[in-house]
Structure formats: C-alpha cells, structure tokens
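In what follows, every chain begins at residue 1, and chains take the letters A, B, ... in the order their sequences are listed.
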Amino acid sequence: MADAPTIQVDIVSAEGELFSGPAAMVFAPAKEGDLGIYPRHAPLLTLLKAGEVRVQTPDGEEHHFFVGGGALEVQPTKVTVLADTALRARDIDEAAALAAKQRAEEALKDKAGHITIAEAQAELVRAMAQLKLIERLRKLRG
Amino acid sequence: MPGTKEIRSKIASVKSTQKITKAMQMVATSKMRRAQERMKLARPYAQKMRNVIGHLTEANPDYRHPFLVTRDPRSVGVIVISTDRGLAGGLNANIFKQTLLLLREWQGKGAQVSLCLIGSKGLTFFRRLGLPILANVSGLGDRPHVKDLIGTVKVMLDAYRAGELDRLFLVNAQFVNTMTQKPCVEQLLPIEALDTEGLQEHWDYIYEPDAEGILDGLLMRYIESQVYRGAVENVASEMAARMVAMGAASDNAGKLINELQLIYNKARQAAITKELSEIVGGAAAV
C-alpha cells in the first residue's frame, strides 16, 4: 500500500509468539501512560505495565492482546513488544521470591527426620531382601 | 523343574510390566514432541531480547549495569534444573555429576558455592551435601511457566545485586536429539559478550522513563527467559530419555517373556511326557 504506510509489529512472549504482521497503528500501555504508534515513529524504548495492546491492521481489523507487562521497542519500520506472560508487580515478585526461599529452608530442615516415599520404599525392599536371605539360611541349617 | 503354574503367573506379571513401560514410552514420545515445540516457541523472544539489549548497550557505552560487570569470583551461585520424576535413564545422574564437577572446580579456586534447585530430584540429591540452598521450586510439571520461575530466579538475582554472588551458572540437560541429551553448563551472570552481530543500524532511542531502568527490566527478563528455556529444554530431554529408557525396558520384557515361554513349554512337555510314560508303564504292569 503506497498511500497508507504500515509498520511491522511483532508481539512475542517467552512462551510463544502472539502476533506478527503489518499494522496501521499500535496502542500500548506504557509505564508513563498509553502510547499510540503510527508508522515512522521515532525510535523509542519503554517498559510496559499490565494492560491491553491493540493492533490495527491495514484493512481496518483490530486485534487485542493482554500483556502482564514487558518492554516495547519502536524502530521506524518495526514495533517489537516483549510481553510478559505473568502479571508483574514488585510485591508479587517479592512474594514469589520469598516463597522460593522458604521452600529451600524447609527442604533443608527436613533433612534429618523426614524421608520421602521413594526412599522409604527403597528401604523396605532392602529389608525384605535381608529377611528372605535369613529365611533361606535358616532352611539350609535346619 | 519349576511348576508350570508359577511360570505362567511370572509371564503374566512380566507382561503387565511391559504394558506399563510401553504406555510410558508412548506418553513420553508425545510429551517430548510438545516440549520441543515449546522450545522453538521460546526462541524468538530470546533473540529479540538480545537484539534490544545489544542496541541499548551499544547506545549507552558509559553506563555499566551490574549484570554486565565482571567481579572477582568470591562466591558462586548455581541454578540446577532436574526432573521431578525418575525413570528417565541416566539423565539426572549426568546433570548432578556435571554440577559436582563445576562446584569442585570453583571450590578449588577458593570460592563459596550456593545452589538454587529447580526440580525435586535435585533437591533430594543436593540436600545431603550440606551446601546452602538459596531457593527451590519443584513440581513444575510438563509445562513449566515463566511465572513459576520468577520468584526462584529473583532470589538469585537479588543475591547477585547485593554482592553475595559474583557468578551465576545454569546447569540443565541439553536436548541434542532424541537419543542424546547432555548436561550443559552456562554462565548467566555476568552476561558475557552479547551477540550484537546483525545490528546493521545504530541509533539512540527515546527512553521512557530512563535507560537504566529499562536496561534493568530487560536484563532481568532476559535471565528469566534463559532459565525458562533451560526448564523447557530439560523437560524435552527428560521425555526423550524416558522414551529411550522405557523402549529398552519394553524390549527387555519381551525377551524375558520369550525365555519364560520357552521354559514354560519345556516344563509342560516334560509333564505330559511324564504322565504318558506313567500311563504306559501302568498299562504294561497290568
């Protein structure tokens, strides 16, 4: 399309590609406020907050994508949205980190007393083999 | 000569075991394919991320983010990804062996080591060593999600930022092909030279709010995506290893059944012969 310039949009997340194609305009929820990007926008780099990315394709269709946050890179002919699949916020991250730490501590505490089912089973098999051996020895003697 | 009944029940038990191993093999095969697809899906994100970070560091040579600065290695953190379940051949054993080599190497250089464990098999193994375990997550299942890894990775990144760690490594099983998975050690932090080839154009961006904040957010996500890729690759390797191990087990069960069948037939034949000769002997006596 010569008269209506388009811009290449790629929306990718760590778990897969969400959208790739030309667009007439892109809206994104930047940290500092929502952005609308036309083709030939100045190079821009910003972080996104949770919200909706809207892509208007050249034939007037509109696609909506939810992002949990992420980063937005704008080059004159290309827009790249690096989307987070998870909802990100400082306190949510903090809580997740804390939980990971706690799990590690608990695992270390359990070292002495607690044994897993697999270990217990292995122990049982060993004990049974010993018993069998003892029985066999008894038979041989008796 | 053992009784035919015992042999028959033994054959039945081996057959049912074979059914299980065959089923596990098939399940692992389909799960491996799906995991491989997810590996492919994760690739463009990491690639684009590397490009953006490359642009950014190129445009701001004077700002050095702590993740890009190499410090004296006084303490080393290792993220070990292992499986949650067994019956996957020597996969976990190989990962642990590689990890121990790495730990010994750094301990030899006089560095402190601490661990971050993803997967329950790693936890049971490394608990015995008495090394500090900073974070742990297990039970990710066959479809690990980034959101399950964020907290665990954050613990390590925070430790690195605070200067408690000077190096961060990732150990996981690398999926070479269906038959081969080898343990692979990768340095996550500090980030070694980023692949900035393929950057033809150079420009500076408008930053909102500032370059430092954006770079920090990007680098953090980059590391997370690396760990996510490791976790997905580990799942693919686990499934491939299990597929091969269960295939071998099914073959062995088949061989065992054949052997037992032969013994059973012989025993049966012997019993018949014996009975016949008894009858003939009895008839002759009369």
Side-chain angles (χ1 to χ4, degrees), chain A residues 10-18 20 30-33 35 41-48 68-78 80-88 90 92-112 114-116 118-119, chain B residues 37-38 40-42 44-49 51-52 55-56 59 86 115-117 120 123-124 127-128 130 132-138 143-158 201 203-209 211 213-215 217-218 220-221 224-225 228-229 232:
Chain A
D10 291 299
I11 305 179
V12 289
S13 78
E15 291 176 21
E17 197 176 64
L18 298 175
S20 178
K31 265 226 163 99
E32 310 280 287
L35 281 177
H41 192 285
L44 169 89
L45 201 55
T46 185
L47 293 176
L48 298 178
L72 173 81
E73 189 208 21
V74 183
Q75 296 176 13
T77 56
K78 220 170 95 182
T80 309
V81 180
L82 299 162
D84 290 337
T85 43
L87 199 60
R88 304 292 296 257
R90 183 169 277 275
I92 296 177
D93 286 11
E94 206 72 60
L98 216 61
K101 258 187 210 169
Q102 264 169 3
R103 277 195 297 271
E105 277 158 20
E106 268 162 33
L108 280 177
K109 250 187 252 156
D110 277 354
K111 192 161 64 176
H114 180 84
I115 50 170
T116 64
E119 281 168 41
Chain B
E37 267 161 37
R38 275 197 290 283
K40 253 180 241 151
L41 287 175
Y45 181 79
Q47 184 58 44
K48 295 226 157 72
M49 193 70 115
N51 279 344
V52 175
H55 273 301
L56 197 56
L115 296 165
C116 162
L117 302 171
S120 55
L123 193 63
T124 25
R127 211 154 51 175
R128 296 189 201 134
I133 299 171
L134 298 185
N136 156 249
V137 62
S138 43
R143 284 197 68 165
H145 289 289
V146 178
K147 74 172 188 320
D148 303 324
L149 296 167
I150 289 172
T152 317
V153 177
K154 187 175 160 61
V155 172
M156 300 311 268
L157 293 185
D158 284 350
E201 300 150 89
W203 55 68
D204 201 1
Y205 295 97
I206 306 169
Y207 299 104
E208 269 185 42
I214 292 170
L215 189 57
L218 283 176
M220 189 180 75
R221 285 183 174 81
E224 281 165 8
S225 80
Y228 170 75
R229 184 202 48 74
V232 174

Participant: Roughly how far apart are B:Tyr45 OH and A:Asp84 CG, rounded to 0.5 Å?
Facilitator: 5.5 Å
Participant: Do you know which of A:Leu35, A:Leu72, A:Val12 has the most heavy-atom pairs under 4.5 Å to chain B?
Facilitator: A:Val12
Participant: Report the option among B:Leu117, B:Asp148, B:Ile133, B:Leu115 that has the most heavy-atom pairs separated by less than 4.5 Å from atoms of chain A.
Facilitator: B:Ile133
Participant: Please name all residues satisfying side chain to side chain contact (heavy atoms under 4.5 Å, CB included) with A:Ser20, sequence neighbours left out, ordered by chain then number.
Facilitator: A:Gln8, A:Asp10, A:Glu17
Participant: Which atoms of A:Lys31 come close to chain B, meaning under 4.5 Å heavy atom to heavy atom: side chain ones, backbone ones, both, or neither?
Facilitator: neither
Participant: Is there side-chain contact between A:Leu82 and B:Leu218, with heavy atoms separated by less than 4.5 Å?
Facilitator: yes
Participant: Calculate, to the nearest 0.5 Å, the distance between atoms CG and CD belonging to B:Asn51 and A:Gln75 respectively.
Facilitator: 8.0 Å
Participant: Does B:Val52 reach the side chain of A:Leu45, with side-chain heavy atoms less than 4.5 Å apart?
Facilitator: yes
Participant: Are B:Arg221 and A:Leu47 packed together at the side-chain level, in the sense that at least one heavy-atom pair is separated by less than 4.5 angstrom?
Facilitator: yes
Participant: So, for B:Ser225 and A:Ala14, which heavy atoms are closest and what is the spacing to 0.1 Å?
Facilitator: CB-CB, 4.5 Å
Participant: Heavy-atom pairs under 4.5 Å with chain A: which of B:Val153, B:Leu134, B:Asp158 has the most?
Facilitator: B:Leu134
Participant: If I take atom CD from residue A:Glu73 and atom CE from residue B:Met49, how far apart are they, to the nearest 0.5 angstrom?
Facilitator: 11.0 Å
Participant: Quick one: list whatever passes salt bridge (charged side-chain N to carboxylate O under 4.0 Å, His left out) with A:Arg103, sequence neighbours left out.
Facilitator: none
